[in-house]
Structures are given as structure tokens and as C-alpha cells.
Trainee: 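First, the structure itself, so that you have it in front of you.
Position 1 is the first residue of the sequence, and the numbers go up from there.
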Amino acid sequence: MFSRRAAVAGAVSLAVLLTAPAYAQETFKIGLIVPMTGGQASTGKQIDNAIKLYMQQKGDTVAGKKIEVILKDDGAIPDNTKRIAQELIVNDKVNVIAGFGVTPAALAAAPLATQAKIPEVVMAAGTSIITERSPYIVRTSFTLAQSSTIIGDWAAKNGIKKVATLTSDYAPGNDALNFFKQNFTAGGGTIVEEVKVPLQNPDFAPFLQRMKDAKPDAMFVFVPAGQGGNFMKQYAERGLDKSGIKVIGPGDVMDDDLLNNMGDAALGAVTAHLYSAAHPSKMNKDFVAAYKKAFNNRPGFMAVGGYDGIHLIYEALKKTGGKTDGDSLIAAMKGMKWESPRGPISIDPETRDVVQNIYIRKVEKVDGELYNVEFATFEAVKDSGKTKK
């Protein structure tokens, strides 16, 4: 009895082994792990939308492979991310894992990417260290160092002497704070108050009162994409928009997909960032129009991270001639350059991080809508968190 069962099980296993490679040749699977629920849901929705748009535009066949995206919601909870990544790798046999709405999620999946030797394409999370956690991680989003150093320099050179800081209490918030502080104080500026707010469901009101009491020229703000609307609502309720205290920071707080709902309190906010829906290139105008038509909303920087992430996967697969092993795909991704809706970008072959323009933008009304209008460009910015190592 036992031997017969074993023989049947063996035959089934062998049948699976024999059919699996043929199936794998036909289908290239991408496990997309993003928050579709919870406080970071807008991040997941933008990335998912942008990938759908790209595949509508470019088709779903690359180098003879049918592209299949398996969408999973991790709610930006790292334990979920790890479990889901494992299931996608072991059960679904995905060729790439992608997405990762927050840093803890990207870090949770890193050892699994290394173990399975498959690319982890980070389309959202922005802490500098992420790409150092696995040789299989490539990033198409940004790092906080890229934007925070530049807004620190800008503030010091533009008459802002005293700044109060409000940042989310987790790795990207700490990156944003440290890189801003380093450049702002080196330029002669002073930090007069420093507060950190909880990442999950923050109530900004008591912290905003401390900002107001410190009487700074400006407040430097980092909250993750999706929380900017809530922050600006409480900023206006506390009367900070009337107190002359301007908002500055990396662009996460002024995310395009939420900006129009923030009201006039957001006017005049100056941020440094990788993307604005108002970016004047033809490619971006076409991208914004197509995205709005498909999803009835304006794309933000998370949408661009997703759009460029799927582009990178498509182009790597083309470059390998359809080879799907992780080492070939990662080698193809290193050094790749292309024109994005955000402007020219590339993948640094040393760090596997994105190199991109950073724009200084100011919130203005254009045709009755709020936009981040770019007024200065810093070209081909690398992650200074790594260049100094």
C-alpha cells in the first residue's frame, strides 16, 4: 500500500517537474505586493493603475513570454509582505516580486529575493539602505536622500533661517530628517523644534501646536504618500497656514493624487521631488492624459514608480532575449537608461538605485486646480546616502 502511494506521489511529482518548465517558458509572472487597503492604499492603487496602463499601451507579450501580474495586498504590514512573497515564490513560481509600498515591507522581502535569486523591483519605498539588503533589489522609485538634501540646500540659500521638523517615526522619516538637517545646518540654518509622529494613524494636531509655538520660518515635513491630505487638513484647522509658517520638504506630503483636495492651505508649499503631474514634457502630458482617462484621477509619483518599474522589467526581458533567471535579469537592468514621464532616468550599475532629476516645485493654482509647479532642476541626482560611503 505504502509503496503504491509513494509510486503515485513520485509520478505526480515527476509530471509536475516535466510540465513546469514548458509552462514557465510561456508565462512570465510578476508578483505585485502593494498596500491596497489601510493608510497607504493610495500608493498601491497608483502603482497597480500605472502597471495596468503600461500593459494596455505596450501589450502583455515580451520576448515570446506572456506577462502575468499577480496582485496581492499586504496592507503595508511587513509580516504580511513576507508571507505573501514566500507564497508567490514557492506556490506561484513568480519570476519577479515588485511593488513594496513602505520600507519595512521592502526589507521583509529582501532575504527571500536573495534566497530565490529573483529580482525584487522596489517601486515605492524610499530608504537609502534598501538596495544594500539584497543583490537582487533594483529600485525605480526614489530615495529620501535625493530630495531631502536638495530642499535643505534650497532653504538655507533662500532666507529660511529657523525650521521646525515633523517627520514620521520610521526609517524613511529618519532618512528625510537626517539628510535635510545635514545640508540645512551646513548652510547656516537652525532647527528650533523636532518632532516625530507615529507611522500608523497619526493625529497631527498636538504636534502641529508644538510647531506653531516654536515660531519657525518654515516647517520641514515628511509623511509617507497617502498621509499628506490628512496632514494639510489639520495644518489648516490649527491655523498654521495663516501664521506665515510655510511647509517645505520632500514631495511626498504634496502628492499629486491628493493635492487638489488639500485646499488653498497648500498654496506656496515648496518641495523637492522627482515628479510633478505638471512636468512640462510631451511624454508626461501624454501619460497624465492617458492615466486620467483610464482612472479618472491624476497620477502621482507612486504611479510613475510603478510605470517605470514595469518598463524596467519589460526591457530587461527583451535584453536577455527571454531568459528569465534572476542573474540575467538583474545584469540586464544595471545601467539601463530611458525617458520617463518624470524626465531622464537610469539604474546605477553599482548600487542598482535610480538616478534621476530632482525638481524644486511650488504649489500654485493652474486653471483652477492645484499643481506642484517646477521652477528649478537638479540633474542626474544619485543617492547621497550611498555616494558618501
Trainee: Without hydrogens or angle criteria, can the side chains of Y136 and D327 be said to hold a donor-acceptor pair below 3.5 Å?
Mentor: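 On atom types as modelled, these side chains qualify, holding a pair under 3.5 Å.
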Trainee: Looking at D252 and V223, would you say the former's side chain and the latter's main chain have a donor-acceptor pair under 3.5 Å?
Mentor: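 Not confirmed, D252 side chain does not pair with V223 backbone.
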Trainee: Going by the rule ring-ring contact (aromatic ring centres under 6.0 Å, His included), which residues pair with Y54 if we only count those two or more places apart in sequence or in a different chain?
Mentor: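 Here the qualifying residues are Y307, H311, Y314.
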Trainee: Is a donor on one side and an acceptor on the other found under 3.5 Å between the side chain of N158 and the backbone of W154?
Mentor: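 Flag set: sc N158 to bb W154 pair under 3.5 Å.
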Trainee: I need the minimum non-hydrogen distance between A265 and M232, along with the two atoms involved.
Mentor: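 Heavy atoms only, the tightest pair is O-CE, 3.6 Å.
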Trainee: Could you list the residues that satisfy ring-ring contact (aromatic ring centres under 6.0 Å, His included) with F207, not counting sequence neighbours?
Mentor: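 Testing F207 for ring-ring contact (aromatic ring centres under 6.0 Å, His included), a comparison that skips the adjacent residues, returns none.
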Trainee: With side chain to side chain donor-acceptor pair (under 3.5 Å) as the criterion, how do D175 and S128 come out once you've worked through the C-alpha distance, each side chain's angles and the decisive distance to 0.1 Å?
Mentor: CA-CA 7 Å; D175 263 14; S128 183; 4.9 Å; no
Trainee: When you measure from the side chain of R342 to the backbone of F301, do you find a donor-acceptor pair of N or O atoms at a distance under 3.5 Å?
Mentor: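 Side chain of R342 to backbone of F301, a donor-acceptor pair under 3.5 Å: no, none is there.
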Trainee: In plain terms, say whether K181 and E194 are close enough for a salt bridge, that is, a side-chain N and a carboxylate O under 4.0 Å apart.
Mentor: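 Counted as a salt bridge, because a side-chain N and a carboxylate O are separated by less than 4.0 Å.
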Trainee: Looking at E364 and V373, would you say the former's side chain and the latter's main chain have a donor-acceptor pair under 3.5 Å?
Mentor: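 No; zero donor-acceptor contacts below 3.5 Å.
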Trainee: Quick one: list whatever passes side-chain hydrogen bond (donor to acceptor under 3.5 Å, both in side chains) with T114, sequence neighbours left out.
Mentor: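 For T114 the side-chain hydrogen bond (donor to acceptor under 3.5 Å, both in side chains) partners, ignoring immediate neighbours, are S134.
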Trainee: Using modelled atom types only, decide if a donor and an acceptor are shared between the side chain of Q227 and the backbone of L199 within a distance under 3.5 Å.
Mentor: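 Looks like yes, one N/O pair under 3.5 Å.
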Trainee: State whether the side chain of D325 and the backbone N or O of S328 hold a donor-acceptor pair below 3.5 Å, judged by distance alone.
Mentor: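 The answer is yes, because a donor-acceptor pair under 3.5 Å joins these two groups.
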Trainee: Could you state whether I51 and L71 fall into the same hydrophobic cluster, counting links through intermediate Ile, Leu, Val, Met, Phe, Trp or Tyr residues with side-chain heavy atoms under 4.5 angstrom apart?
Mentor: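 Looking at the clustering, L71 is in the same group as I51.
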Trainee: Check step by step if side-chain contact (heavy atoms from CB on, under 4.5 Å) holds for L312 and W338.
Mentor: CA-CA 9 Å; L312 179 67; W338 68 97; 3.8 Å; yes
Trainee: Apply side chain to side chain donor-acceptor pair (under 3.5 Å) to residues Q182 and N178 and explain how you reach the verdict.
Mentor: CA-CA 6 Å; Q182 161 197 298; N178 293 337; over 6 Å; no
Trainee: Do the charged groups of K386 and D348 touch, with an N to O distance under 4.0 Å?
Mentor: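 Here K386 does not pair with D348 in a salt bridge, since their nearest N and O are not under 4.0 Å apart.
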Trainee: When you group the ILVMFWY residues by side-chain heavy-atom contacts below 4.5 Å and let the links chain together, are M55 and V62 in the same group?
Mentor: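 Linked, V62 and M55 end up in one cluster.
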Trainee: Do Y275 and N284 get their side chains close enough for a donor-acceptor pair, meaning under 3.5 Å?
Mentor: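 There is such a pair between these side chains.
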Trainee: According to side-chain hydrogen bond (donor to acceptor under 3.5 Å, both in side chains), who are the partners of S346, at least two apart in sequence or on a separate chain?
Mentor: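 None.
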Trainee: Drop me the distance from D241's CG to K246's NZ, to the nearest 0.5 angstrom.
Mentor: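 With rounding to 0.5 Å, CG (D241) is 8.5 Å from NZ (K246).
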Trainee: N297: what forms a side-chain hydrogen bond (donor to acceptor under 3.5 Å, both in side chains) with it, not counting sequence neighbours?
Mentor: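 Scan of N297 (side-chain hydrogen bond (donor to acceptor under 3.5 Å, both in side chains), adjacent residues dropped) gives none.
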Trainee: About how many Å separate CD1 of I151 and CD1 of I358, when rounded to the nearest 0.5 Å?
Mentor: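 If we round to the nearest 0.5 Å, I358:CD1 and I151:CD1 are 11.0 Å apart.
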Trainee: Roughly how far, to the nearest 0.5 Å, is the CZ atom of R352 from the OG1 atom of T131?
Mentor: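 One finds 5.5 Å between OG1 of T131 and CZ of R352.
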Trainee: Check the orientation of Y291 and F287. Use parallel for under 30°, tilted for 30 to 60°, and perpendicular for over 60°.
Mentor: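 Y291 and F287: tilted rings.
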Trainee: What distance separates L32 CG from I47 CD1, expressed to the nearest 0.5 Å?
Mentor: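 The distance works out to 7.0 Å.
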Trainee: Taking the side chain from S276 and the backbone from N372, do they hold a donor-acceptor pair closer than 3.5 Å?
Mentor: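 A pair under 3.5 Å: yes.
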Trainee: Between I245 and M211, which heavy-atom pair has the shortest distance, and what is it?
Mentor: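 Scanning both residues, the minimum pair turns out to be CD1-O, 4.2 Å.
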Trainee: When you measure from the side chain of K319 to the backbone N and O of A332, does any donor-acceptor pair fall under 3.5 Å?
Mentor: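 Yes, the answer is positive, given that a donor and an acceptor are paired below the 3.5 Å cut-off.
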Trainee: OH/Y359 to NE2/H279 distance, rounded to the nearest 0.5 angstrom?
Mentor: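 If we round to the nearest 0.5 Å, Y359:OH and H279:NE2 are 4.0 Å apart.
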Trainee: Considering all heavy atoms of both residues, which atom of A266 and which atom of V363 are nearest to each other, and what is their separation?
Mentor: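 So the two residues come closest at O-CB, 3.2 Å.
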Trainee: Could you give the distance from CE (M302) to CG (N49), rounded to the nearest 0.5 Å?
Mentor: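 With rounding to 0.5 Å, CE (M302) is 14.0 Å from CG (N49).
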Trainee: State yes or no: do V96 and V138 share one hydrophobic cluster built from I, L, V, M, F, W and Y residues joined by side-chain heavy-atom distances below 4.5 Å, directly or via other members?
Mentor: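 Both belong to a single hydrophobic cluster.
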Trainee: Just distance, no hydrogens or angles: give the donor-acceptor pairs under 3.5 Å from side chains in residues 76-85, sequence neighbours left out.
Mentor:
| unit_1 | atom_1 | unit_2 | atom_2 | d |
| --- | --- | --- | --- | --- |
| N80 | ND2 | D74 | O | 3.1 |
| T81 | OG1 | D74 | OD2 | 2.8 |
| T81 | OG1 | I77 | O | 3.1 |

Trainee: Can you name the closest pair of heavy atoms from A171 and T103 and give their distance?
Mentor: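 Distance-wise, the nearest heavy atoms are CB-CG2, 4.2 Å.
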Trainee: Going by ring-ring contact (aromatic ring centres under 6.0 Å, His included), name the pairs with one or both residues in residues 238-260, residues two or more places apart or in two chains.
Mentor: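 Not a single pair qualifies under ring-ring contact (aromatic ring centres under 6.0 Å, His included).
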Trainee: Under the salt bridge (Lys or Arg N to Asp or Glu O under 4.0 Å) rule, what pairs show up with a residue in residues 261-275, not counting sequence neighbours?
Mentor: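 Listed once each, the pairs are D264-K365.
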Trainee: Quick one: does N260's side chain have a donor or acceptor within less than 3.5 Å of a partner on L370's backbone?
Mentor: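 Checking the backbone N and O of L370 against the side chain of N260, a donor-acceptor pair under 3.5 Å is found.
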Trainee: Does a side-chain N-to-carboxylate-O contact under 4.0 Å join D217 and K161?
Mentor: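 Salt bridge absent between D217 and K161.
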Trainee: For the residue pair T377 and N357, confirm or rule out a side-chain donor-acceptor distance under 3.5 Å.
Mentor: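 N357 and T377 do not have a side-chain donor-acceptor pair below 3.5 Å.
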Trainee: Could you walk me through whether K45 and D257 satisfy the salt bridge (Lys or Arg N to Asp or Glu O under 4.0 Å) test, starting with their C-alpha distance in whole Å, then the side-chain angles of each, then the deciding distance to 0.1 Å, before giving a yes or no?
Mentor: CA-CA 11 Å; K45 284 170 186 161; D257 77 325; over 6 Å; no
Trainee: Would you mind listing every side chain to side chain donor-acceptor pair (under 3.5 Å) that reaches into residues 138-148, with sequence neighbours excluded?
Mentor: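 For residues 138-148: R139-D353, T143-D383, Q146-Q356.
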Trainee: If you define the side chain from C-beta out and look only at heavy atoms, does anything of L329 sit under 4.5 Å from L317?
Mentor: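 A side-chain contact under 4.5 Å exists here.
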Trainee: State, to 0.1 Å, how close A176 and F220 come at their nearest heavy-atom pair, and which atoms those are.
Mentor: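 Closest approach of A176 to F220: O-CZ, 3.6 Å.
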Trainee: Which residue pairs pass the salt bridge (Lys or Arg N to Asp or Glu O under 4.0 Å) test when at least one of the two sits in residues 219-233, sequence neighbours left out?
Mentor: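 For residues 219-233, and leaving out neighbouring residues, the salt bridge (Lys or Arg N to Asp or Glu O under 4.0 Å) pairs sorted by first residue read K233-E237.
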Trainee: Determine whether V94 and I89 satisfy the following criterion, side-chain contact (heavy atoms from CB on, under 4.5 Å), listing intermediate values before the conclusion.
Mentor: CA-CA 5 Å; V94 295; I89 292 165; 4.2 Å; yes
Trainee: Just jot down the side-chain hydrogen bond (donor to acceptor under 3.5 Å, both in side chains) partners of K72, sequence neighbours excluded, or say none.
Mentor: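 K72 satisfies side-chain hydrogen bond (donor to acceptor under 3.5 Å, both in side chains) with no other residue.
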Trainee: Under a single-linkage definition using a 4.5 Å side-chain heavy-atom cutoff for Ile, Leu, Val, Met, Phe, Trp and Tyr, are L259 and F142 assigned to the same hydrophobic cluster?
Mentor: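 No; tracing contacts between hydrophobic side chains, which count when under 4.5 Å, never links both residues.
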Trainee: Can you list every pair that meets salt bridge (Lys or Arg N to Asp or Glu O under 4.0 Å) and has a residue in residues 201-212, with sequence neighbours left out?
Mentor: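 Salt bridge (Lys or Arg N to Asp or Glu O under 4.0 Å) check on residues 201-212 returns E193-R210.
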Trainee: Below 4.0 angstrom, N of the basic side chain to O of the carboxylate: do D60 and K66 qualify?
Mentor: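 Salt bridge between D60 and K66, a charged N being under 4.0 Å from a carboxylate O: yes.
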Trainee: Can you name the closest pair of heavy atoms from K65 and G322 and give their distance?
Mentor: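 Nearest pair, atom of K65 first, then G322: CE-O, 3.2 Å.
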Trainee: In terms of hydrophobic clustering (I, L, V, M, F, W, Y; side-chain heavy atoms under 4.5 Å; direct or indirect links), are M262 and L267 co-clustered?
Mentor: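 M262 and L267: one cluster.
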Trainee: Indicate yes or no for a side-chain donor-acceptor contact from Q46 to the backbone of G300 under 3.5 Å, with no hydrogens or angles considered.
Mentor: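 Pair found, side chain donor or acceptor close to backbone of G300.
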